[in-house]
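Input: a single structure, listed below in structure tokens.
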Amino acid sequence: MDKKKAVKLEQMEAEMARLWEQSQNETDNKKKQKLIQSRNKLQWKAAAMRSGRKLSKQTRDDLVAYSFIAPNFIGFAVFTLIPIIFAFILAFTEWDGNNPIQFVGLSNFLKLPSDTFFTASLKNTIIYCVGTVPLTMVVSLALAIVLNQKVKGRGFFRTVSFFPYVASLVAITTVWSMIFHPTKGPVNYLLMTICGIEQKNLPNWFSGNLIMLTLILFSVWKYMGYYMVIYLAGLQGISSELYEAGSLDGATTWQKFKYITWPQLRSTTFFVVVMLTINCFKVYDIAIMLAGGSQGKLSNSATVLVYYIYENAFDYWKLGYASAVAMVLFVLVLAVTIIQFAYEKKLED
């Protein structure tokens, strides 16, 4: 060992001794832990220097750990993080994908209030969320409560309820289009034969104001099975002793639900509401498949924010304006999520 390395080792040993003595005299636990960590790092460096290795054991362990994380992180950075950052920057510019990018400041955002197509898509998205979230939650919870009981064919009905979620979207939207067909569908046929509605007055479920109702009903039917499974997991986590105690006190079925089931499912319901809200704001494929027609174009009564972003970006090549609309959607989802988390925290306190 050369003199420089020996001198450095002596200095490191002296520093380790100082840190050890200081940690023994320290009363604050946090400061004491920091001193011990600093001493351990010096020990690893001293051990690496004595063995002649360029990397200490801790450094090698860290590199191995980072090597496992790196592929996923690189994929996330390239395909998610960088595009998000670029979209934020693009919202303040004007660009068609070919010509040079021009910085326009807040111009894209100032155009939004006067854009009738944007206001229509925003209104439709909010209506869709307000209609879909509570209805899906109620139906999923009701299904979970029923199918959590010891009923005959429980497994079959659970499978049937979950099937729409895993089925092909193209297939099930085609079935719905046939069921709600204005002239040939069984729904309008029942309205005509049972309710006595004339054929010319039968509703067109895929146009006008009824299209949002159709989208909401379809979404509830498709997603209720998935959230039913989540509620089933929550129900099975509730202790049966609570229900036994309620029965001994003479509680009715409604009182058991109100004072036992619902409070115990609060965290599950919070998760369901947050995930449902985010998914509803991102709706695109359902609207296109049900209301897009053969050309995949949505009318003002069915346009949603994600479709309007796609239309501006890839039909009109207004990439800066599309990014501005995307930022509005991002802020809207973020604000709703923060409010939900704040409300949940307030309930816990």
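Note that this is a predicted model, so its numbers are computed, not measured.
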Tell me yes or no: between the side chains of Trp317 and Asn98, is some donor less than 3.5 Å from an acceptor?
no
Restricting to non-hydrogen atoms, name the atom on [X] and the atom on [Y] that form the minimum distance, rounded to 0.1 Å.
X: Leu210; Y: Pro203; answer: CD1-CB, 3.4 Å
X: Leu112; Y: Val328; answer: CD1-CG2, 3.5 Å
X: Ala77; Y: Pro83; answer: O-CD, 4.0 Å
X: Cys129; Y: Cys280; answer: SG-CB, 3.3 Å
X: Ile278; Y: Val333; answer: CG1-CG1, 4.0 Å
X: Ile172; Y: Pro164; answer: CD1-O, 3.7 Å

Is it true that [X] and [Y] fall in one hydrophobic cluster, defined by side-chain heavy atoms closer than 4.5 Å?
X: Phe117; Y: Val325; answer: yes
X: Val273; Y: Phe271; answer: yes
X: Ile127; Y: Val306; answer: no
X: Leu332; Y: Ile338; answer: yes
X: Trp254; Y: Leu242; answer: yes

Evaluate whether atom [atom1] of [X] has more than 12 neighbouring non-hydrogen atoms of other residues, nucleotides or ligands under 6.0 angstrom away.
X: Lys318; atom1: NZ; result: no
X: Lys123; atom1: NZ; result: no
X: Gln24; atom1: CD; result: yes
X: Phe73; atom1: CZ; result: no
X: Gln255; atom1: CD; result: yes
X: Asn209; atom1: CG; result: no

Knowing that exactly one of Leu135, Val139, Leu141 qualifies, which makes a side chain to side chain contact (heavy atoms under 4.5 Å, CB included) with Met224?
Val139
Check each of Ile179, Thr214, Ile211, Leu290 against Trp205 using the side chain to side chain contact (heavy atoms under 4.5 Å, CB included) test, and report the only one that passes.
Thr214
Say whether, by atom type as modelled, one donor and one acceptor occur between the side chain of [X] and the main chain of [Y] under 3.5 angstrom.
X: Arg158; Y: Leu147; result: yes
X: Thr93; Y: Trp95; result: no
X: Asn124; Y: Thr303; result: yes
X: Thr173; Y: Val170; result: yes
X: Thr125; Y: Leu305; result: yes
X: Thr136; Y: Val133; result: no
X: Asn25; Y: Glu21; result: yes
X: Ser114; Y: Lys111; result: yes
X: Asn72; Y: Gly75; result: no

4.5 Å side-chain heavy-atom contact, [X] and [Y]:
X: Phe341; Y: Ile339; result: no
X: Leu248; Y: Glu244; result: no
X: Val283; Y: Ile286; result: yes
X: His181; Y: Asn188; result: no
X: Ser219; Y: Tyr128; result: yes
X: Phe270; Y: Tyr343; result: no
X: Leu265; Y: Ile238; result: yes

Under the side-chain hydrogen bond (donor to acceptor under 3.5 Å, both in side chains) rule, what do Asn312 and Tyr307 come out as? Steps first, then yes or no, please.
CA-CA 9 Å; Asn312 276 280; Tyr307 172 79; over 6 Å; no
Check the orientation of Trp176 and Trp221. Use parallel for under 30°, tilted for 30 to 60°, and perpendicular for over 60°.
tilted
According to the interplanar angle, ranging from 0 to 90°, do the rings of Trp262 and Phe257 count as parallel (below 30°), tilted (30 to 60°) or perpendicular (above 60°)?
tilted
Among Thr269, Asn148, Thr268, which one satisfies side-chain hydrogen bond (donor to acceptor under 3.5 Å, both in side chains) with Tyr231?
Thr269
Can you list the steps and then say if Ser121 with Val304 is a side chain to side chain contact (heavy atoms under 4.5 Å, CB included)?
CA-CA 4 Å; Ser121 62; Val304 289; 5.6 Å; no
Test Gln340 against Thr277 for side-chain hydrogen bond (donor to acceptor under 3.5 Å, both in side chains), laying out the working first.
CA-CA 10 Å; Gln340 289 172 335; Thr277 304; 3.1 Å; yes
Given the side-chain rings of [X] and [Y], with only the six-membered ring counted for Trp, is the space between their centroids under 6.0 Å?
X: Tyr227; Y: Tyr165; value: no
X: Tyr223; Y: Tyr226; value: no
X: Phe109; Y: Phe92; value: yes
X: Tyr316; Y: Tyr321; value: no

Working note: Arg18 + Glu15, criterion salt bridge (Lys or Arg N to Asp or Glu O under 4.0 Å); need CA distance, chi angles, decisive distance, verdict.
CA-CA 5 Å; Arg18 187 188 67 80; Glu15 180 67 14; 2.5 Å; yes
Let's go through Asp315 and Lys297 carefully: what are the C-alpha distance in whole Å and the side-chain angles of both, what is the deciding distance for salt bridge (Lys or Arg N to Asp or Glu O under 4.0 Å) to 0.1 Å, and is it a yes or a no?
CA-CA 11 Å; Asp315 285 348; Lys297 296 289 184 181; 3.0 Å; yes
Evaluate side chain to side chain contact (heavy atoms under 4.5 Å, CB included) for Lys32 paired with Asp28, printing each intermediate quantity in order.
CA-CA 6 Å; Lys32 188 172 185 177; Asp28 190 342; over 6 Å; no
Stepwise, does the side-chain hydrogen bond (donor to acceptor under 3.5 Å, both in side chains) test hold for Lys34 with Ser23?
CA-CA 9 Å; Lys34 287 182 179 180; Ser23 66; over 6 Å; no
From CA spacing to verdict: side chain to side chain contact (heavy atoms under 4.5 Å, CB included), Phe118, Ile309:
CA-CA 9 Å; Phe118 167 75; Ile309 294 168; over 6 Å; no
So, using salt bridge (charged side-chain N to carboxylate O under 4.0 Å, His left out) as the criterion, who are the partners of Asp249 when residues are at least two apart?
none
How many angstroms lie between atom CZ of Phe206 and atom CZ of Phe180, to the nearest 0.5 angstrom?
7.0 Å
